[in-house]
Amino acid sequence: HLPSSQVVGPLLTAIHDPSPIAREGVIYGLAHHLAYPGVIEALEIVATTDPNTNVCESAEYALDDYYWILDQEDIEE
């Protein structure tokens, strides 16, 4: 795996690709870098504004995973 610092920038740029399939692929890539600054915010925007339902749902699933992890951390404390 490449470090987040090398991957996230290009992925955040590619989130604006005209192809919904490409945008959905970007979301799957970003899902491996949720802790990197700007990723959660970008996914939240995509989840609520992308014109393609599949892309919105993919972003929502990635965010659900992130929030589930946060909830588990809170439970363990």
Side-chain angles (χ1 to χ4, degrees):
H1 290 272
L2 291 171
S4 295
S5 60
Q6 291 181 341
V7 174
V8 171
L11 287 174
L12 290 176
T13 299
I15 201 75
H16 303 290
D17 192 282
S19 167
I21 294 170
R23 293 193 307 275
E24 196 169 351
V26 167
I27 290 165
Y28 292 125
L30 288 172
H32 296 284
H33 303 277
L34 296 174
Y36 197 80
V39 171
I40 294 301
E41 295 81 1
L43 290 175
E44 288 173 340
I45 291 168
V46 170
T48 58
T49 64
D50 196 278
N52 184 278
T53 303
N54 292 334
V55 174
C56 290
E57 288 176 357
S58 294
E60 289 170 4
Y61 290 141
L63 289 167
D64 286 346
D65 289 346
Y66 174 73
Y67 292 124
W68 183 85
I69 291 167
L70 287 181
D71 286 343
Q72 296 306 305
E73 290 174 356
D74 286 343
I75 290 170
E76 292 175 5
E77 289 180 359

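Starting from 1, each residue takes its place in the sequence as its number. Note that the structure is a prediction, hence the values are computed from the model and not measured.
Under a 4.5 Å side-chain heavy-atom criterion applied to ILVMFWY residues, the cluster that includes Y28 comprises that residue alone.
For the pair L11 and I27, the minimum side-chain heavy-atom distance is 4.5 Å or more.
Among pairs with a residue in residues 29-38, those fulfilling side-chain hydrogen bond (donor to acceptor under 3.5 Å, both in side chains) read S4-H33, at least two apart in sequence or across chains.
Residues that satisfy the side chain to side chain contact (heavy atoms under 4.5 Å, CB included) test with I40, not counting sequence neighbours, are L34, E44, L63, Y66, Y67. Under the side chain to side chain contact (heavy atoms under 4.5 Å, CB included) criterion, N54 pairs with E24, N52, E57, not counting sequence neighbours. Residues forming a side chain to side chain contact (heavy atoms under 4.5 Å, CB included) with A31 (at least two apart in sequence, or on another chain): A62. Contacts of D17 classified as side chain to side chain contact (heavy atoms under 4.5 Å, CB included), with partners at least two apart in sequence or in another chain: S19, A22, R23.
Within 6.0 Å of CD1 in I21 there are 12 or fewer heavy atoms belonging to other residues, nucleotides or ligands.
Across all non-hydrogen atoms, the minimal contact from A59 to V46 is CB-CG1, 4.0 Å. Scanning both residues, L12 and H16, for their nearest heavy atoms gives O-CD2, 3.7 Å.
Clustering ILVMFWY residues whenever any of their side-chain heavy atoms sit less than 4.5 angstrom apart, transitively, puts W68 in a cluster other than the one holding Y61.
Checking each of D50, I45, V26, V55 against I15 for a side-chain contact (heavy atoms from CB on, under 4.5 Å) leaves exactly one that passes, namely V26.
D65 CG to L70 CG: the interatomic distance, rounded to the nearest 0.5 Å, is 11.0 Å.
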